[in-house]
Amino acid sequence: MSLHKAESEWWRDSQESILAKDETVIEQTQFVKLGRCQWWFMVALNIFFLIVGQAAAVLLGRFYYDQGGNSKWMATLVQTAAFPVLLIPLYFIPSSKDPSTSSAPPSIKVLALIYFALGVLLACDNMLYSVGLLYLSASTYSLICATQLAFNAVFSYFINSQKFTALILNSVIIVSFSAALIAVSDDSSGPAGVSKWKHILGFICTLGASAIYSLLLSLMQLTFQKVLKKETFSVVLEMQIYTALVASCAATVGLFASGEWRTLHGEMEKFGEGRVSYVMTLVWTAVAWQVCSVGVVGLIFVVSSLFSNVISTLSLAVTPIAAVIIFHDKMDGVKIIAMLLAIWGFATYIYQNYLDDSKVRRRQTGVRESHNDSSA
């Protein structure tokens, strides 16, 4: 999974901390830097990358299993293997300097240890997601992934000292009810040949992966705040690149250690749509995950953390609908209610982010006006 929510939360929190520490620092918005037309073009382009990237990655992952693919480690590897794609925006998009950062940068050993730990945790998380997608339909899988919101709120409360407001608590409860409905329902549209116990295993793995992913986000946010202490586009991208590199290496070790690499040739020969389709499915799945990452980071950089979270929510809602159209997943009454509850939970969580973001913007406006008055 792409690691974007941590950067989103860190970006918002860092704005508040900067205003609290030095109210004379006025940061020029990306809207002014890019110009109106170019700004809107970048926003539209990154929205497209995020929604299409995430939906395509999940659907291609399900297609891989439906057509005869069975390697969980290969499905894990492709989630991060295309991380070199992120070098393109890192090279071409300039990163603004942060003049307010006066602390010494962390040592190479500290950074290497942090990236290694986060990368290994990411690989474990991707493995659980792969098992979950193997035993669940794409629509059910996507709805369970919505529990990341509830887990993220809990971990952020304990690790990042995020306030637990009434809206956030409502969101956690509603999304939990949504996951509970999926847990007790009979997924008759699930993959063929999957027993009830494998369905339960898929649910547990996806739920566990959502919890680990949320923990990973909180740990990354803590790293940005306490260790890196920077807020540039390059730092956000570098975090994704290095953790993806470690996760890819871990998945490769798992692929060979488990012996699954021996089955890949036979898997390719027996793939339902042919050998070329097998290779292209894996390649485009890997690319899709990184395209999603580019879109998420781009929206954080060009617009705001709030807007990035809104579009990320929209992409989660698109995937079940796309699964119904492409794979003819059955959307029974339970799934529809679960999806509506998930959207309700997302809406309340986003509204809380909107209130927080509005508060930060009002403070920025006040600081800007006081700075202009003092200059005059």
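Because the structure is a prediction, the values reported are computed rather than measured.
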Fill in: Heavy-atom closest pair, residues Gly61 and Thr285
N-OG1, 4.2 Å
Item to complete: Return the orientation label for the Phe63 and Phe271 ring planes: parallel under 30°, perpendicular over 60°, tilted otherwise.
Response: perpendicular
Fill in: Linked, directly or transitively: Trp284 and Phe48 (ILVMFWY side chains, under 4.5 Å)
yes
Worksheet item: Going by heavy atoms in the side chains, are Leu167 and Leu355 under 4.5 Å from each other?
Response: yes
Item to complete: Could you check if a side-chain atom of Val283 sits within less than 4.5 angstrom of a side-chain atom of Val279, using non-hydrogen atoms only?
Response: yes
Worksheet entry | Side-chain heavy-atom pair Ile174, Thr348 within 4.5 angstrom cut-off | no
Worksheet item: Can you tell me how far CG of Asp125 sits from SG of Cys205, rounded to the nearest 0.5 angstrom?
Response: 11.0 Å
Worksheet item: Stepwise, does the side chain to side chain contact (heavy atoms under 4.5 Å, CB included) test hold for Leu264 with Tyr278?
Response: CA-CA 10 Å; Leu264 295 181; Tyr278 176 83; 3.7 Å; yes
Discussion item. For Gln290 versus Thr80, what's the shortest heavy-atom pair and its separation?
Written reply: NE2-CA, 3.7 Å
Fill in: side chain to side chain contact (heavy atoms under 4.5 Å, CB included) assessment of Asn170 paired with Trp344
CA-CA 9 Å; Asn170 173 78; Trp344 181 8; 4.1 Å; yes
Worksheet item: Can you tell me how far the CD1 atom of Ile337 sits from the CZ atom of Phe177, to the nearest 0.5 Å?
Response: 13.5 Å
Discussion item. For the OH atom of Tyr157 and the CG atom of Leu169, what is their distance to the nearest 0.5 Å?
Written reply: 11.0 Å
Worksheet entry | Aromatic ring pairing Tyr141/Tyr129, orientation class (parallel under 30°, perpendicular over 60°, tilted between) | perpendicular
Practice prompt. For residues Thr263 and Asn70, determine if any side-chain heavy atom of one lies less than 4.5 Å from a side-chain heavy atom of the other.
Written response: no
Item to complete: I would like to know whether Leu282 and Met74 meet side chain to side chain contact (heavy atoms under 4.5 Å, CB included); could you show each step before the answer?
Response: CA-CA 8 Å; Leu282 295 177; Met74 176 57 72; 3.8 Å; yes
Discussion item. Measuring only between side-chain heavy atoms, which start at C-beta, is Glu260 closer than 4.5 Å to Lys72?
Written reply: yes
Worksheet item: Do Phe49 and Val287 belong together in a cluster built from hydrophobic side chains that touch within less than 4.5 Å?
Response: yes
Fill in: Short side-chain donor-acceptor distance under 3.5 Å, Tyr64 and Glu267
yes
Item to complete: Answer yes or no: is there a side-chain heavy-atom contact under 4.5 Å between Phe151 and Leu207?
Response: yes
Worksheet item: According to a 4.5 Å side-chain heavy-atom criterion applied to Ile, Leu, Val, Met, Phe, Trp and Tyr, with indirect links allowed, do Leu113 and Met239 form part of one hydrophobic cluster?
Response: no
Discussion item. Tell me the closest heavy-atom pair linking Gly53 and Cys292, and the distance in Å.
Written reply: C-CB, 3.9 Å
Worksheet item: Just by modelled atom types, is the Leu136 backbone N or O under 3.5 Å from a matching donor or acceptor in the Arg62 side chain?
Response: yes
Worksheet item: Is the closest side-chain heavy-atom distance between Leu245 and Ile241 below 4.5 Å?
Response: no
Practice prompt. Establish whether Leu228 and Phe116 are linked, either directly or via other cluster members, by ILVMFWY side-chain heavy-atom contacts under 4.5 Å.
Written response: no
Worksheet entry | Met220 with Val120, same ILVMFWY side-chain cluster at under 4.5 Å | no
Fill in: From CD1 (Ile200) to CH2 (Trp197), nearest 0.5 Å
5.0 Å
Discussion item. Within this structure, what is the CG-CG distance for the pair Leu219 and Leu122, rounded to the nearest 0.5 Å?
Written reply: 12.0 Å
Fill in: Residue pair Ser71 / Leu255: nearest heavy atoms and the distance that separates them
OG-CD1, 3.8 Å
Worksheet item: How close do Thr206 and Cys145 get, heavy atom to heavy atom, and via which atoms?
Response: CG2-SG, 4.1 Å
Response to the item:
All heavy atoms of Ala138 vs all of Leu133, minimum pair found to be CA-CD1, 4.5 Å
Practice prompt. Could you check if a side-chain atom of Trp73 sits within less than 4.5 angstrom of a side-chain atom of Met127, using non-hydrogen atoms only?
Written response: yes
Worksheet entry | side chain to side chain contact (heavy atoms under 4.5 Å, CB included) assessment of Leu118 paired with Val246 | CA-CA 8 Å; Leu118 294 178; Val246 174; over 6 Å; no
